[in-house]
Amino acid sequence: RAKNEGLQHYAFFETAMEHAVSVAADLEQALRQATENGAFTLHYQPEIDLASGMVTGVEALIRWVRPDGELVYPGHFLPLAEETGLIVPMTVWSLREACRQGTVWAREGINIRIAVNLSGMLFRHHDVQKLVLDAITETGLDPAFLELELTETALIENPEVAGRQLAALQDMGVSVAIDDFGTGYASMIYLTTMPIRRLKIDALFVREIDSSSSSRAIIKAIIALGNNLDIRVIAEGIEREDQLLWLKEQGCDQAQGFLFSRPVPAEKFQQMVRAGVLTVSDGQGATERPD
Ligand code: C2E
Ligand code: MG
Ligand code: MG
Ligand code: MG
């Protein structure tokens with residue numbers, strides 16, 4: 001009987017495995033198709049200057065639009081996109097779409113910097129400088145309104161190539177932010193050798209402001225580092241007033257999080273600006289000091 005049960009379990013396991021494998025294959029096929037059709041949309045989340053309360057930029061965040069209109073968040077498909085290499089055409093789509101939106105906003109009188117997330121994988125096999133340049137030329141966006149968000153890992157994996165490409169991009173007016181700062185490698189030499197404009201403190205630390213003295217210590221250290229290197233510091237994932245207050249007290253430059261706004265569709269962002277819910281700091285060019 002025991003043996004029989006074991007066999008049954010095995011049969012169940014095998015079916016479950018087959019099912020899992022076919023679900024994964026279906027997902028890959030669907031994602032491949034979505035990438036071919038550009039079945040994505042970008043939501044935009046404002047970044048707030050803490051001294052003035054004004055919006056200094058927005059971060060573009062990708063969502064996959066399923067045929068029934070359902071939105072799938074990046075956590076559910078980015079790992080697969082990285083694994084299959086689909087991340088490359090997907091990011092090319094994000095870049096182009098963000099640049100296109102930027103030109104639409106510029107025409108409407110909303111001059112705002114848009115930050116696009118770039119996967120580190122892009123630097124492994126691709127000419128990032130060319131991908132970015134193509135998106136800018138095709139759409140006609142003023143490069144001063146584009147920022148690239150990279151993780152520490154992306155820079156450290158291939159520092160020579162990344163450094164060269166980022167320097168060239170900076171010469172064009174594009175700026176670079178380090179995303180999820182504090183969670184990657186401990187090496188910080190690239191902060192002095194690469195043209196970094198902003199550090200984004202990972203939400204992980206912000207979430208623990210009230211509960212962890214080591215998270216508070218790390219945030220303070222990042223703010224001091226930014227001040228000393230003349231790099232703006234922005235904290236991500238701010239959900240509560242008390243977190244905001246503490247960050248202000250520490251001298252953090254900027255903030256982003258649900259407390260201010262969730263990531264929203266482009267039209268919604270535009271409405272909030274029109275309604276005066278959000279004020280965009282004008283003349284947001286690469287030379288502006290607050291940022
Ligand atoms: P990220 O760049 O660190 O983006 C911040 C994430 O935190 C976003 O998740 C955002 O919606 C979320 N967030 C913002 N404020 C709050 C808050 O107050 N509380 C909480 N709990 N979460 C908050 P999202 O949109 O799901 O994106 C996840 C990650 O996917 C991003 O992390 C980024 O690494 C990646 N990603 C998004 N769009 C793209 C893209 O176009 N290309 C690439 N390569 N990666 C992307
Ligand atoms: Mg980001
Ligand atoms: Mg982040
Ligand atoms: Mg993150």
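Numbering of ligands and ligand atoms starts at 1, following listing order.
A donor-acceptor contact shorter than 3.5 Å links the side chain of Asp253 to the backbone of Val233. The closest donor-acceptor contact from the side chain of Glu149 to the backbone of Ile178 lies at 3.5 Å or more, if one exists at all. Asp202 contributes a side-chain N or O that, together with a main-chain N or O of Leu204, makes up a donor-acceptor pair within less than 3.5 Å. Between the Ser215 side chain and the Ser212 main chain, no donor and acceptor come within less than 3.5 Å of each other.
Taking a cut-off of under 4.0 Å to the non-hydrogen atoms of Leu78, the atoms of ligand 1 that pass are 30 (O), 35 (C), 36 (N), 45 (N), 46 (C). Listed by atom number, the atoms of ligand 1 under 4.0 Å from Ile238 heavy atoms are 18 (O). Near Ser94, meaning under 4.0 Å from any of its heavy atoms, are these atoms of ligand 1: 40 (C), 41 (O). Residue-ligand proximity, Thr91 to ligand 1, at heavy-atom distances under 4.0 Å covers atoms 44 (N). Per-residue contacts place Gln45 under 4.0 angstrom from the following atoms of ligand 1 (heavy atoms of the residue considered): 14 (C), 15 (N).
Considering backbone and side-chain N/O atoms, Asp179 comes within less than 3.5 Å of an N/O atom of ligand 1. Ligand 1 has an N or O atom lying under 3.5 Å from an N or O atom of Arg63, backbone or side chain. Polar contact with ligand 1: present for Ile62 (N/O pair, distance under 3.5 Å).
Rounded to 10°, the angle formed at the Mg ion (ligand 2) by OE1 of Glu149 and OD1 of Asn117 is 90°.
Distance check, rounded to the nearest 0.5 Å: CD1 of Ile196 to CD of Glu152 gives 10.0 Å.
Ring geometry, Tyr44 versus Trp105: the interplanar angle exceeds 60°, so the pair is classed perpendicular (tilted spans 30 to 60°).
Within the structure, ligand 1 lacks His43 among the residues with a heavy atom less than 4.0 angstrom away. Ligand 1 lies out of reach of Gly75, whose nearest heavy atom is not under 4.0 Å from it. Residue contacts with ligand 1 include Gly237, since one of its heavy atoms falls under 4.0 Å from the ligand.
The residue Met90 has no part lying near ligand 1, judged by heavy-atom distances below 4.0 Å. Only the side chain of Ile87 comes within contact range of ligand 1, with a heavy atom under 4.0 Å; no backbone atom does. Contact annotation for Asp180 and ligand 1: only side-chain heavy atoms (C-beta onward) come within less than 4.0 Å of the ligand. Contact annotation for Leu61 and ligand 1: heavy atoms of both the backbone and the side chain come within less than 4.0 Å of the ligand. Contacts with ligand 1 closer than 4.0 Å are made by no heavy atom of Gln256, backbone or side chain.
The minimum distance between the Mg ion (ligand 3) and any N, O or S atom of Asp180 involves atom OD1. Of all the N, O or S atoms in Glu59, the one closest to the Mg ion (ligand 2) is OE2.
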Test salt bridge (charged side-chain N to carboxylate O under 4.0 Å, His left out) on Arg207 and Glu236; report intermediate values, then the result. CA-CA 9 Å; Arg207 205 175 304 137; Glu236 285 193 290; over 6 Å; no
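Side-chain contact check for Thr183 and Asp180: no donor-acceptor pair (N or O, by modelled atom type) lies under 3.5 Å. Side chains of Lys200 and Gln254: a donor-acceptor N/O pair is absent below 3.5 angstrom, by distance only. A donor atom on one side chain and an acceptor atom on the other are found under 3.5 Å apart for Glu82 and Ser119.
For atom 24 (P) of ligand 1, the nearest non-hydrogen atom from the set Pro74, Ser119, Ala115, Ala60 comes from Pro74.
Counting backbone and side-chain atoms alike, Asp179 contributes an N/O/S atom closer than 2.8 Å to the Mg ion (ligand 2). Distance check for Glu236 against the Mg ion (ligand 2): none of its N/O/S atoms falls below 2.8 Å.
Side-chain contact between Leu155 and Leu166 is present, with at least one heavy-atom pair separated by less than 4.5 Å.
A cation-pi arrangement is found for Arg66 relative to Trp64, the charged atom lying closer than 6.0 Å to the ring centre and inside a 45° cone about the ring normal.
Classification of Arg32 and Glu28 as a salt-bridged pair holds, one side-chain N sitting under 4.0 Å from a carboxylate O.
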